[in-house]
Amino acid sequence: GQVDVVIVGSCMTDLVSQVQRLPKVGETIHGHKFFIGFGGKGANQCVQAARMGAKTAMVCKLGNDFFGDKYVQNFKDHGISTDYVEQTAEAVTGAASIIVNDAGENAIVIVAGANLLLGNEEIQRAKPAVSQAKVLVCQLEISPDASLKALHMAKESYVRTIFNPAPAIADLHSDFYKASDVFCCNESEAELLTGQTVATVEDAGKVGVELLGRGCGSVIITLGAQGCVVITAQGSSPKHVPTSKVTAVDTTGAGDSFIGALAFYIAHYPTMPLEEMARRANLVAAVSVQTEGTQSSYPCKKDLPSALF
Ligand code: RIB
Ligand code: NA
């Protein structure tokens, strides 16, 4: 059947080590816990949208291996359509080595593997789902060409687009901005894209205005504990949207929780002001940082206050 939220993006197996502090170059240190989880920015966003109650489909490429098989089952367990989930023998399922310190901060290395084999043909096959969706979401853990093709396909069918330029590349093609109804990134990604420092809410507003000027419909810069800044129209001033104060255990994937929630709101409440969607998405992401892991920490509709729906 028809789906509301289509994600064209990545899947990774998250290999997570918890340590007191991040190691230095050449150093070996003891960690105190290790676990494996389902991750990857695309899949994370899809799972968060599904847990909030959105009808979702994932367009992605997995390896024809143990982790790939497990991942297909994970999507099915969430009621996510796997019509456009493919497995390949040509590469392994993507993996992310993640180190989380006692402050809940992280450092991540991704080996994208099969994700990079998601190409234009696969995107073309997904056209029935993309063209009938309410919102399409893309990131940068698959080939940028494939992401851009999906964004253009959505725009042609007047489907709203969220683009999350993560992980960021300094020379992002200008077409990405023009194809983004909502361009959503964090402070370090905004720094890489603009070459400007983002240390304060005011800085975030400034770079947000610059990014908006590159042709996006609107811009959101997420700021962790500071919430986010929303810029919706040329000439209007950036709006700071603060979030609730919580104790962070593991902030990995909090940005994906935010974007998954945002996709849900755009699909279900299309006329809600973006600032209000961002305020609510902030609160969903704040739940996720209080528990370890990425998807394993994302709240379901039943765990969230009814005021968020
Ligand atoms: O955004 C968090 C995600 O980034 C993790 O799940 C990891 O897989 C990396 O892709
Ligand atoms: Na978490």
Side-chain angles (χ1 to χ4, degrees), residues 7-18 33-49 51 58 60-63 67-68 70-71 74-75 78 92-116 118 137-144 147 162-169 184-190 192 220 222-225 243-244 246-263 281-300 303-304:
I7 313 274
V8 174
S10 58
C11 307
M12 307 278 174
T13 303
D14 285 351
L15 308 164
V16 187
S17 299
Q18 291 177 351
K33 186 171 178 182
F34 173 80
F35 59 91
I36 300 179
F38 294 109
K41 295 178 198 301
N44 290 349
Q45 293 165 14
C46 192
V47 163
Q48 181 63 84
R51 286 195 182 164
M58 187 73 200
C60 64
K61 183 90 65 165
L62 295 157
F67 290 117
K70 289 280 172 203
Y71 223 124
N74 179 50
F75 287 137
H78 283 91
V92 297
T93 298
S97 300
I98 304 180
I99 304 171
V100 180
N101 69 13
D102 277 350
E105 300 162 328
N106 62 64
I108 306 181
V109 175
I110 58 169
V111 180
N115 290 293
L116 296 179
L118 183 69
V137 193
C138 291
Q139 318 74 27
L140 285 178
E141 288 182 335
I142 61 170
S143 100
S147 288
I162 302 176
F163 178 55
N164 170 220
I169 42 181
C184 181
C185 64
N186 67 21
E187 58 269 70
S188 69
E189 288 147 5
L192 205 85
I220 301 178
T222 59
L223 300 167
T243 187
S244 55
V246 297
T247 304
V249 172
D250 185 349
T251 61
T252 316
D256 299 331
S257 171
F258 179 94
I259 287 170
L262 186 69
N282 268 343
L283 300 178
V284 175
V287 173
S288 81
V289 305
Q290 297 175 69
T291 321
E292 66 186 26
T294 53
Q295 288 174 31
S296 56
S297 70
Y298 293 176
C300 294
D303 309 316
L304 291 164

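As the structure lists them, so they are numbered: ligands from 1, and atoms in each ligand from 1.
Geometrically, ligand 1 and Asp256 share a nitrogen or oxygen pair separated by less than 3.5 Å. Of the polar atoms of Gly39, none of the N or O atoms is found under 3.5 Å from an N or O of ligand 1, judged by distance alone.
Glu189 contributes a side-chain N or O that, together with a main-chain N or O of Asn186, makes up a donor-acceptor pair within less than 3.5 Å. The closest donor-acceptor contact from the side chain of Thr294 to the backbone of Phe38 lies under 3.5 Å.
Aromatic rings of Phe75 and Tyr71 (six-membered ring for Trp) have centroids within the 6.0 Å cut-off, being under it.
Protein heavy atom in closest approach to atom 5 (C) of ligand 1: Asp14 OD2, 3.5 Å. Here the protein heavy atom with the shortest distance to atom 4 (O) of ligand 1 is Lys41 NZ, 3.2 Å. Nearest to atom 10 (O) of ligand 1 among the protein's heavy atoms is Glu141 OE2, 2.6 Å.
Heavy-atom proximity to Ile110, at under 4.0 Å, picks out these atoms of ligand 1: 9 (C), 10 (O). Heavy-atom proximity to Met12, at under 4.0 Å, picks out these atoms of ligand 1: 8 (O), 10 (O). Under a 4.0 Å criterion applied to the non-hydrogen atoms of Ala96, ligand 1 contributes the atoms 7 (C), 8 (O). Atom numbering of ligand 1 starts at 1 in the shown order; those under 4.0 Å from a heavy atom of Thr294 are 6 (O). Remark: ligand 1 atoms within the under-4.0 Å shell around heavy atoms of Gly40 are 5 (C), 6 (O), 7 (C), 8 (O), 10 (O).
Closest to the Na ion (ligand 2) among the N, O or S atoms of Asp250 is O.
Residues Thr13 and Leu15 meet the side-chain proximity criterion, which asks for heavy atoms closer than 4.5 Å. Taking the side chain as every heavy atom from C-beta outward, Lys70 and Thr93 never approach each other to under 4.5 Å.
Minimum interatomic distance between Lys41 and Glu141 (heavy atoms only, all atoms of both residues): N-OE1, 2.9 Å.
Donor-acceptor pairing under 3.5 Å is lacking for the side chains of Asp256 and Gln139.
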Given the rule in the side-chain contact (heavy atoms from CB on, under 4.5 Å) test, do Asp303 and Arg51 qualify, once you have shown the distances and angles that lead to the verdict? CA-CA 10 Å; Asp303 309 316; Arg51 286 195 182 164; over 6 Å; no
Derivation of the side-chain contact (heavy atoms from CB on, under 4.5 Å) call for Val16 and Thr252: CA-CA 10 Å; Val16 187; Thr252 316; over 6 Å; no
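One of the N, O or S atoms belonging to Thr291 lies under 3.0 Å away from the Na ion (ligand 2). At least one N/O/S atom of Gly293, from backbone or side chain, sits under 3.0 Å from the Na ion (ligand 2).
Rounded to 10°, the angle formed at the Na ion (ligand 2) by Ser288 O and Ser297 OG is 70°.
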